[in-house]
Amino acid sequence: MQLTDKIEKSFRLMEAQKKALKKLGLETLKDLLFYFPVRYSDMSEIKAIKDLSDGDVATIYGEVSGLKTKKAFKSKMPMAEGYISDGTGKIKVTWFRQAYIAKMLHDGQKVSLTGKVSDSKYGLTLQNPEFEKTNSLPIDVHNSLFAKDQNEGFHYPVYKETKGITSKWIYHTVHKIVGSGIVKNLEDYIPEEILNRYKLPKLSTALVWVHMPKNKNHSESSRKRFAFEEVFFIQLSRQKEKFENNQKKSFKIKVDEKDIKTFTDKFPFKLTKAQDKAISQIWKDFSGAHPMSRLIEGDVGSGKTAVAATATYSVIKNRPDQKDFGNLQVAYMAPTEILAGQHFEGFTKYFKHTGIQIGLLTGSTCKKFPSKVDPSGATNISKAQLLKWVANGEIPILIGTHSLIYKSVKFKHLALGIVDEQHRFGTKQRAKLANKEGFAPHFLSMTATPIPRTLALTIYGDLDLTLLDQMPEGRKPIITEIITPDKREQTYDFIKEKMAEGRQLYVICPRIDEPDPEKEFALQTKSVKAEAERLKKEIFKDKKIDILHSKMTKTEKEKVMEKFANGEVEILVATSVVEVGVNVPNATMIIIEGAERFGLSQLHQLRGRVIRSNHQAYCYIFSESKNEKSIERLKALKTAKNGFELSELDLKLRGSGDLAGMKQWGVSDLGMEAIKNLKMVEAARKEATNIVEKNLLDDLDLTKTELENRALKIHFE
Ligand code: ADP
Ligand code: MG
């Protein structure tokens, strides 16, 4: 056996198994070996039904009753459903897409069920639990590895399954691979010194322990190692990037504070302390020898655009090196045409008294401000003309979508790149924006997605962070209410009153958990359509309602958003996955359905859509939950000061497998366990920085190769 061998070469597989392995992304023996258990089951996890609560992962022993097959209500997927009782209570059990289970068990059968308890309309439910008839013990206890001392209890791995592959199959197969001895000689790609420093097991040991722990210590320390490893490699790649960035030359930017003050004094407001601080940090970066790489994190409405405008002004007031004419240039990139258009309008307001030219470049529009004919407004110009003026440096500020990094766009002296509502400038994008003279532009990223500090330290390890953690004064906070089913009617009535005054409404449909994104989008689409129909038929009969979901094309989405922005559409029913970072000041109300399925920071971000107005904004958190803990959790939305606080709460409150809102960061569930641990994150960062700064990577062959292998998979950009 070789680690690079295909699984089917070493094991006889049925067609269904081949398909399932493919779906799980498992091709080689190595893939299987690195397919870690999602958790371990333990006799100590056995609970009485009466003690269960939402979110528990538990094993219960009991008797099956009322087992039947049916079609799931919305998706029409076949499912099995029944009850289990253990003398202390009775709980509903559902197996989605596993209708066959109803045939494998019968009423009265004694079973052990292990799975996650969640709260639903029907009360607490055990969803898709693993089951065992109790006359067979959990994973082959006769098997030597699991023949435990009586008092230790069983501690066996549970793997994520899919149709065709069971957790047991994976366990047994991995067991054989490990048994063949190929793991023993595996060399470690983390330097031994580092492992010793943090008392982490070496790779060959950790692989055995993670799959076949003899006790809890084994599983915990092996998982700790792999969690550390993940953060360590992310850090290594971030620190390397930072190091490389620091080797580049950038434009020297002189900051004329007095002149800039006359610029900011013209703002129709006074900058917040947080904005002032962000601006000084940027100025400090400008004075350094290397290009700035800074990320501004701030809630929606915290005033990031004003900071961007001030940074822009500071840059363009500089002349290119050794020249006494022309300006340094700034590129400002937004994720959608609508947002780019809004930034263009915003910038023309901030800059109108300066006479500075601003260009807008998107897939469909090219504009220039000011217009020669009417200097108070912008004018449409041809793309060729715009590109020419950008290339010869006549237009110092260019705002646009991704089209800014197309080859055809050439700047004369690009000194600053700003990207809005995107997590970061990728290496590739930076390279495309680089200048002919070999100067690297400064980079400023801005995001309204609050994430916990430890996560930021990890995935933004190469960036300097600025938190805009203060809202402009006088802004009315969003009134947030948790709405239980009994208060729905009166809430709809209140919303109708506000709509009669001309306000508009967002309705966000619940998140649907489904590992297959295609299916998830399809289900989401269905629920958005159904909810829009229901609202039209039952609640808002005379209102114009439209929908927004991820199956729509970009153009379709933008069209609907435009209609919503100009009031043609009064209620927008959307999925949570559709980003709507758009300014619709009249949309002052948002309903979030099935709120218990969202993370707090995700709810907070969704709510941010209604903060743009002078009118009082309202956010209605609709929950079907009867569970007090769920409601309690949602109440943090009323008390937390800002998004950062909520993201920390998410990290603390939710199980690692449940940090769905955080999946987008490309960190695995196991890696998230490290993210919960500030010490571990700091240790990984320290070690990675040390390796990069002392230039040790070239001597660490295995580490270097592993880093390269992983870099293919990490996509933060
Ligand atoms: P963000 O991009 O952070 O969501 P914006 O920059 O779009 O926020 O600002 C939101 C609104 O707040 C804008 O209308 C802007 O004019 C206003 N604003 C920005 N800074 C301040 C401030 N210091 N005081 C009052 N209003 C501000
Ligand atoms: Mg913004």
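When a ligand or atom number is given, it counts from 1 through the structure's own listing order. Each residue takes its place number in the sequence, starting with 1. Note that the structure is predicted; figures quoted are calculated from it, not measured.
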For ligand 1, the portion of Leu271 having any non-hydrogen atom under 4.0 Å away: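 Looking at Leu271 and ligand 1, just backbone atoms fall under 4.0 Å.
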Contact partition for Gln275 relative to ligand 1, non-hydrogen atoms under 4.0 Å: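 The side chain, only.
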Tyr332 side chain near Leu398 side chain, heavy-atom distance below 4.5 Å: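 Heavy-atom side-chain distance check fails, nothing below 4.5 Å.
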Asn245 vs Pro291 side-chain heavy atoms within contact, under 4.5 Å: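 Yes; the side chains approach each other to less than 4.5 Å.
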Gly303 N/O to ligand 1 N/O under 3.5 Å: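 Yes, at least one N or O pair falls under 3.5 Å.
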Polar contact flag for Glu473 and ligand 1 (N/O pairs, less than 3.5 Å):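 For ligand 1, there is no N or O atom that lies under 3.5 Å from one belonging to Glu473.
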Considering only non-hydrogen protein atoms, determine which one is nearest to [atom] and report residue, atom name and distance to 0.1 Å.
| atom | answer |
| --- | --- |
| atom 16 (O) of ligand 1 | Phe269 CE2, 3.3 Å |
| atom 7 (O) of ligand 1 | Arg612 NH1, 3.0 Å |
| atom 17 (C) of ligand 1 | Arg475 NH2, 3.7 Å |

Show the atoms of ligand 1 that are less than 4.0 angstrom away from any heavy atom in [X].
| X | answer |
| --- | --- |
| Thr305 | 2 (O), 5 (P), 6 (O), 7 (O) |
| Lys270 | 22 (C), 23 (N), 24 (N) |
| Thr272 | 23 (N) |

Residues Arg685 and Glu682 bridged, charged N to O under 4.0 Å: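 Looking at Arg685 and Glu682, the cut-off is not met.
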Presence of salt bridge, Glu481 and Lys638, under 4.0 angstrom: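 Salt bridge between Lys638 and Glu481, a charged N being under 4.0 Å from a carboxylate O: yes.
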Proximity winner for atom 4 (O) of ligand 1, if only heavy atoms of Ala274, Gly301, Ala448, Ala306 are counted: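 Answer by nearest heavy atom: Gly301.
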Ligand 1 contacted by Asp299 (non-hydrogen, < 4.0 Å):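 Within the 4.0 Å threshold, so yes.
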Donor-acceptor contact present, side-chain Ser280 to main-chain Asp276, <3.5 Å: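 Answer holds: yes.
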Check: Lys254 main-chain N/O paired with Asn318 side-chain donor or acceptor under 3.5 Å: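 Checked: pair present.
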Smallest separation among heavy atoms of Thr401 and Gly363, with atom names: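 The answer is OG1-N, 4.1 Å.
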Heavy-atom closest contact (Ser314 atom, Ile260 atom, distance):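 Reported closest heavy-atom pair: OG-CD1, 3.3 Å.
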Heavy atoms from other residues, nucleotides or ligands near NZ of Lys496 exceed 12 (cutoff 6.0 Å):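 Check passes, neighbour count above 12.
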4.0 Å protein heavy-atom contact status of atom 2 (O) of ligand 1, strictly under: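 There is a protein heavy atom less than 4.0 Å from atom 2 (O) of ligand 1.
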Heavy atom of protein inside 4.0 Å of atom 13 (C) of ligand 1, strictly below: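 Answer no: nothing from the protein, no heavy atom, is under 4.0 Å.
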